[in-house]
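This report refers to the structure that appears directly beneath it.
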Amino acid sequence: EVLQILEHVKCAVSHALEIELDTVNILKAAQMSMEAGVFSAMALNAFVEAQNSLHIALSLLEKAETKRNCPSQRLKAKVLHELGPIYRYQGRYTESERSLQQSLEITQPLSRKDTTVRQAVADTLHELGVLEVKKHNLDSAAQFLQRSLDLRQ
């Protein structure tokens, strides 16, 4: 049953790219697409499908980008963060790092104004540390992981 719902969600959000939606509904569609991507990756190990869903979420957010509002920026950062491990699982370390760095570029300035965003920054720093371990850059990994720990305290 979940797989049928997943296919329905993927179809619905792809149609959302083709029609005019207000910002609220764009954000809802992007959120659903992101969640479909996370589910595809974590429950099904379907990393290419997950990547496609996350890219659709980013495309939807591009439509809302003109307003530059915080909810769309936070969601974009979350989608980019979720893409990081997806790329890493596929051995695509350069894309993983790029995605995670883009997420940080969005969340770090927001975290100065909103302390709840600090957790997202810490999560992304942790993921960068894990990526550096995979790349056998242990000194760099330790730095990222320490920064993540510092933010969590």
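- Using modelled atom types and a 3.5 Å distance limit, the side chains of Gln143 and Asp139 yield no donor-acceptor pair.
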Checklist entry - How far apart are the C-alpha atoms of Lys63 and Asp22, what are their side-chain angles, what is the distance that settles it, and do they pass the salt bridge (Lys or Arg N to Asp or Glu O under 4.0 Å) test? => result CA-CA 9 Å; Lys63 290 174 74 171; Asp22 61 13; over 6 Å; no

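- Linking Ile, Leu, Val, Met, Phe, Trp and Tyr residues whenever their side-chain heavy atoms come within less than 4.5 Å leaves Val117 and Leu104 in two separate clusters.
- Side-chain contact, Arg92 with Gln51: a donor N or O sits under 3.5 Å from an acceptor N or O.
- Between Gln90 and Val48 the shortest side-chain heavy-atom distance falls below 4.5 Å.
- Taking the side chain as every heavy atom from C-beta outward, Leu128 and Gln101 approach each other to under 4.5 Å.
- Summarising the geometry, atom CG belonging to Leu80 is positioned 6.0 Å from atom OG belonging to Ser103; distances are rounded to the nearest 0.5 Å.
- The two residues Cys11 and Ser14 have their closest heavy-atom pair at O-OG, 2.8 Å.
- Put simply, OG on Ser53 and CG on Leu6 are 6.5 Å apart, with the number rounded to the nearest 0.5 Å.
- Summarising the geometry, atom OG1 belonging to Thr116 is positioned 10.0 Å from atom CD belonging to Gln119; distances are rounded to the nearest 0.5 Å.
- Grouping the Ile, Leu, Val, Met, Phe, Trp and Tyr side chains by contacts below 4.5 angstrom, directly or via other members, places Ile106 apart from Phe144.
- Side-chain contact between Asp123 and Arg152 is present, with heavy atoms from C-beta onward closer than 4.5 Å.
- Of the possible donor and acceptor atoms, none in the side chain of Ser33 sits under 3.5 Å from a partner among the backbone N and O of Ala30.
- At a threshold of 4.5 Å between non-hydrogen side-chain atoms, the residues Asn137 and Leu131 do not count as touching.
- Checking side-chain atoms of Ser99 against main-chain N and O of Glu95 turns up no donor-acceptor pair under 3.5 Å.
- When all heavy atoms of Leu138 and Val133 are compared, the pair lying nearest together is CD2-CA, 4.3 Å.
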Next on the checklist: Apply side-chain contact (heavy atoms from CB on, under 4.5 Å) to residues Thr107 and Arg118 and explain how you reach the verdict.
Outcome noted: CA-CA 8 Å; Thr107 54; Arg118 272 197 200 137; over 6 Å; no

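- A distance of 13.5 Å separates CD in Glu97 from OH in Tyr87, rounded to the nearest 0.5 Å.
- Counting non-hydrogen atoms of other residues, nucleotides and ligands closer than 6.0 Å to NZ of Lys28 gives a total of 12 or fewer.
- Note on Met42: it does not cluster hydrophobically with Leu3, by side-chain heavy-atom contacts below 4.5 Å among ILVMFWY residues.
- In this structure, the ring-ring contact (aromatic ring centres under 6.0 Å, His included) partners of Phe47, at least two apart in sequence or on a different chain, are Tyr89.
- Applying the 6.0 Å contact sphere to CD of Gln4 captures no more than 12 heavy atoms from other residues, nucleotides or ligands.
- With values rounded to the nearest 0.5 angstrom, Gln108 atom CD is found 9.0 Å from Thr124 atom OG1.
- At least one side-chain heavy atom of Glu62 sits less than 4.5 Å from a side-chain heavy atom of Lys76.
- Here the closest heavy-atom approach between residue Glu82 and residue Pro85 is recorded as O-CD, 3.3 Å.
- Across every non-hydrogen atom of Arg88 and Tyr93, the tightest pair is O-CE2, 3.7 Å.
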Next on the checklist: The test is side-chain contact (heavy atoms from CB on, under 4.5 Å); show your working for Phe39 and Val2 and say whether it passes.
Outcome noted: CA-CA 10 Å; Phe39 178 81; Val2 172; 3.2 Å; yes

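- Distance check, rounded to the nearest 0.5 Å: OG1 of Thr115 to CG of Leu151 gives 11.5 Å.
- Ser96 places a side-chain N or O within 3.5 Å of a backbone atom of Gly84 that can act as its donor or acceptor partner.
- The shortest distance between side-chain heavy atoms of Leu149 and Gln146 falls below 4.5 Å.
- Few gaps surround NE2 on His55; more than 12 heavy atoms of other groups in view lie less than 6.0 Å from it.
- With hydrophobic clusters built from ILVMFWY side chains whose heavy atoms lie under 4.5 angstrom apart, Leu60 does not share a cluster with Val24.
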Checklist entry - Does the side-chain contact (heavy atoms from CB on, under 4.5 Å) test come out yes or no for Leu58 and Leu83, once each step is laid out? => result CA-CA 10 Å; Leu58 288 175; Leu83 265 172; 3.7 Å; yes

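- Nearest heavy-atom pair, Leu100 versus His81, reported as atom, atom and distance to 0.1 Å: CD2-O, 3.7 Å.
- Of the charged side-chain nitrogens involved, at least one lies within less than 4.0 Å of a carboxylate oxygen, so that Glu7 and Lys10 count as a salt-bridged pair.
- The heavy-atom pair separating Ser148 from Leu125 by the smallest distance is CB-CB, 3.9 Å.
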